[in-house]
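Computed from a prediction, not measured in an experiment: that's the story for all the values here.
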Amino acid sequence: MATEEENVGNIKRQLAKIFEVSLRATVPEETDVEPLVAACAGKFGDYQCNNAMGLWSKIKGKGSQFKGPPSVGQAIMKNLPPSEIIESSSVAGPGFVNVVISKNWLAKSIQKMLIDGIETWAPRLPIKRAVVDFSSPNIAKEMHVGHLRSTIIGDTLARMLEFSNVDVLRRNHVGDWGTQFGMLIEFLFERFPNWEEVTETAIGDLQTFYKASKQRFDSDPAFKERAQQAVVLLQGGEAKYRKAWAQICEISRNEFNRVYERLGVELEEKGESFYNPYIPNAIKELTDKGLVEESQGARVIFLDGINIPLIVVKSDGGFNYASTDLTAIWYRLNEEKAEWIIYVTDVGQQQHFDMVFRACKRAGWLPLDDNKHPKTTHVGFGLVLGEDGKRFRTRNTEVVRLVDLLDEAKSRSKTALLEREKAAEWSEEDLEQIAEAVGYGAVKYADLKNNRLTNYTFNFDQMLNDKGNTAVYLLYAHARICSIIRKSGKNIEELKKTGTIVLEHEDERVLGLHLLQFAEVVEEACTNLLPNVLCEYLYNLSEIFTKKFYSNCQVVGSAEETSRLLLCEATGTVMRKCFHLLGIVPVYKI
């Protein structure tokens, strides 16, 4: 039997194995042919093998027995080994081999997942360890919606990789080093003579504190000189300055954590300062390899095809973003043994990372071939826009505070929940939990459902709408599935052991096939680092369940009740895993 235990639950990969056997038999002399298998929505089948045309262009003129792509397709079909996965196959057009998946195999696979757990459907990726560098706000500055996108997208990518059995190092590369700290420390000393006892409350809003110190820096030459001296003392390790720096970082960190707590995001901080001690060695290694040249007093790396050099040491001898980023890659490759390093920042930083990655390839730190590991990838994303189509801000041109934004999402969600009939039956605790799950989930999903490279418009009314492609609609759909199971009065755990899934009705089969496509969708979303692929899958699953299966297949009280309850449970299980991967907390009653 041509099935593969390690790809259990991944139809596409299992079919690829089967077609591989057929391709070897069809064209034994062509050894480098990879099976091209894709899901298709046509009336001829569920999946299609598209190798015939490509193969024909390779073999025609070599005295081949074939007369064109259709005859290659016929041979591929005839050479398919027996398999319980395939119910039937046919050839269409220029040699496309269509296969219909066996509904018995679909039913057995779903049943097996219910017993063994959805982890058995996790994709297998060709790497063991990855770094996801995301969120990364600047100390003493407010987190803004750009950081929100990086945090939400980065968390989802990390979750998808973790589900795929990759050891993920979630890194928060905070901006905790640089010349601005001289100004902040001097201002702290001046404003609070007893600065060591000063609390977060006394300093108040760090953003305002930052602006006041910047104003002072720009208008008072004596203060500016003291601030510049403070940078030298801080970087030289002077205890008093180090302590003041640590205090400012801690206050900022507490502010960031309020956002991470609401979003349920975990990160390990390794900021710019962490890599500082490693920079000289990294620059020395690049210099020894002949990459670093002198240019106008600075030390730079010239890169082919780019007309500006990558500055690695400024003309005043100081380090910059490039020095830190190159060093961080060196550290992640050599100390943390990462095979894939993923950077989640706005598209505006694309060129910077492209230059840094090219320098690493020139240095031999990374392979020249992007398909080989270790590799680095920049995951860019677009802007968050207000309803006026401009960059999202509050009325007075200030950037919106994330904590306030998330709290407003929760509060709007709570108001909508209180208008529902069942609100009276809920405890205050239930109401708070559901309002949080729906409010924060709505913000995350509104971001993730778009292709990350596009700009998206932030609109509370749209994201909290319970109709259409929103988290609210999906969470309600999940709660309805749970309600169907509860109302049946049956013990679903018992049914998993004693019941059998049967996919006789056409809409049962459509639902079953979509459930089995979960693994390949997660694999595609991981490989291309596109969370919107998973969102689209989840929305379609919900639509198929609600508009096809549930509308046309009576569950409770029908002759097929057991099988259909198990299909409800399988749909709920897959939806919950999708929610988990998207960082959304499921809702079980509504």
Side-chain angles (χ1 to χ4, degrees), residues 6 119 122-136 150-151 153-177 265-289 291-292 301 310 312 319 321-345 349 352-380 522-523 525-531 581:
E6 69 186 53
E119 279 62 35
R124 298 280 179 269
L125 299 182
I127 55 160
K128 290 193 168 60
R129 177 174 287 179
V131 167
V132 182
D133 178 323
F134 66 108
S135 193
S136 310
S150 175
T151 306
I153 294 167
D155 181 52
T156 288
L157 297 179
R159 285 168 181 263
M160 292 194 304
L161 290 165
E162 284 158 352
F163 175 61
S164 308
N165 299 296
V166 175
D167 174 22
V168 178
L169 307 180
R170 296 158 158 261
R171 292 286 175 258
N172 199 3
H173 189 91
V174 298
D176 65 352
W177 204 244
V265 170
E266 289 181 15
L267 280 146
E268 186 183 345
E269 188 181 306
K270 272 195 165 70
E272 290 172 6
S273 64
F274 175 84
Y275 300 102
N276 230 39
Y278 301 94
I279 294 177
N281 276 344
I283 304 287
K284 182 179 184 305
E285 191 174 314
L286 293 168
T287 307
D288 291 348
K289 291 185 174 191
L291 270 73
V292 181
I301 297 174
L310 184 67
V312 293
F319 299 129
Y321 286 134
S323 339
T324 309
D325 286 332
L326 285 164
T327 304
I329 290 179
W330 178 90
Y331 184 88
R332 288 161 177 177
L333 292 172
N334 293 287
E335 299 294 324
E336 295 181 324
K337 309 292 183 209
E339 294 161 272
W340 195 5
I341 309 170
I342 297 161
Y343 293 83
V344 188
T345 76
Q349 295 187 45
H352 165 75
F353 281 108
D354 183 39
M355 289 171 76
V356 168
F357 299 163
R358 283 192 197 204
C360 291
K361 286 177 182 173
R362 263 194 70 193
W365 292 358
L366 292 170
L368 294 173
D369 181 349
D370 282 336
N371 295 316
K372 290 190 172 154
H373 295 98
K375 68 174 181 177
T376 52
T377 308
H378 175 250
V379 173
V522 177
E523 184 173 339
C526 271
T527 307
N528 299 320
L529 302 170
L530 289 172
L581 297 176

Inter-residue atom distance [X].[atom1] - [Y].[atom2], 0.5 Å rounding:
X	Y	atom1	atom2	answer
Ile153	Leu529	CD1	CG	11.0 Å
Lys128	Lys337	NZ	NZ	15.0 Å
Leu326	Leu310	CG	CG	6.0 Å
Asp325	Met355	CG	CE	12.0 Å
Thr376	Ile342	OG1	CD1	10.0 Å
Gln349	Ser150	CD	OG	9.0 Å

Non-hydrogen atoms of [X] and [Y] that approach each other most closely:
X	Y	answer
Ile127	Val166	O-CG2, 3.8 Å
Pro531	Thr156	CB-CG2, 3.8 Å
Val131	Ala338	CG2-CB, 3.8 Å
Val132	Gly154	CG1-O, 3.9 Å
His373	Pro126	CE1-CG, 4.0 Å
Leu267	Val265	CD1-CG1, 4.0 Å

Is any side-chain N of the basic residue among [X] and [Y] closer than 4.0 Å to the acidic one's carboxylate O?
X	Y	answer
Arg170	Asp155	yes
Arg332	Asp133	yes
Glu268	Arg171	yes
Asp370	Lys361	yes

**OP:** Can you label the angle between the Tyr343 ring and the Phe357 ring as parallel, tilted or perpendicular, going by 30° and 60°?
**Re:**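 Geometry flag for Phe357 against Tyr343: tilted rings.
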Original post:
Looking at Leu366, Leu333, Thr377, which hits side chain to side chain contact (heavy atoms under 4.5 Å, CB included) with Ile341?
Top reply: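 Going through Leu366, Leu333, Thr377 one by one, the side chain to side chain contact (heavy atoms under 4.5 Å, CB included) with Ile341 is satisfied by Leu333 alone.
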Keeping the roles fixed (side chain from [X], backbone from [Y]), state whether a donor-acceptor pair exists under 3.5 Å.
X	Y	result
Glu339	Ala130	no
Glu523	Pro123	no
Asp176	Ser273	yes
Asn528	Leu530	no
Ser135	Thr151	no

Do [X] and [Y] come within less than 4.5 Å of each other through their side chains, counting heavy atoms only?
X	Y	value
Leu169	Glu336	yes
Trp177	Asn276	yes
Cys526	Phe163	no

**OP:** Please determine, by modelled atom types, if Trp330 and Glu335 share a side-chain donor-acceptor pair under 3.5 angstrom.
**Re:**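 Per modelled atom types, Trp330 and Glu335 side chains form no pair under 3.5 Å.
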Original post:
Picking from Phe134, Tyr275, Tyr321, what satisfies ring pair (Phe, Tyr, Trp, His ring centres under 6.0 Å) with His173?
Top reply: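 The passing option is Tyr275.
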Original post:
What do you reckon, is NZ of Lys289 surrounded by more than 12 foreign heavy atoms closer than 6.0 Å?
Top reply: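 Count over threshold, so yes.
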Subject >> Verdict with reasoning, Trp340 to Arg129, per side chain to side chain contact (heavy atoms under 4.5 Å, CB included) >> reply: CA-CA 7 Å; Trp340 195 5; Arg129 177 174 287 179; over 6 Å; no
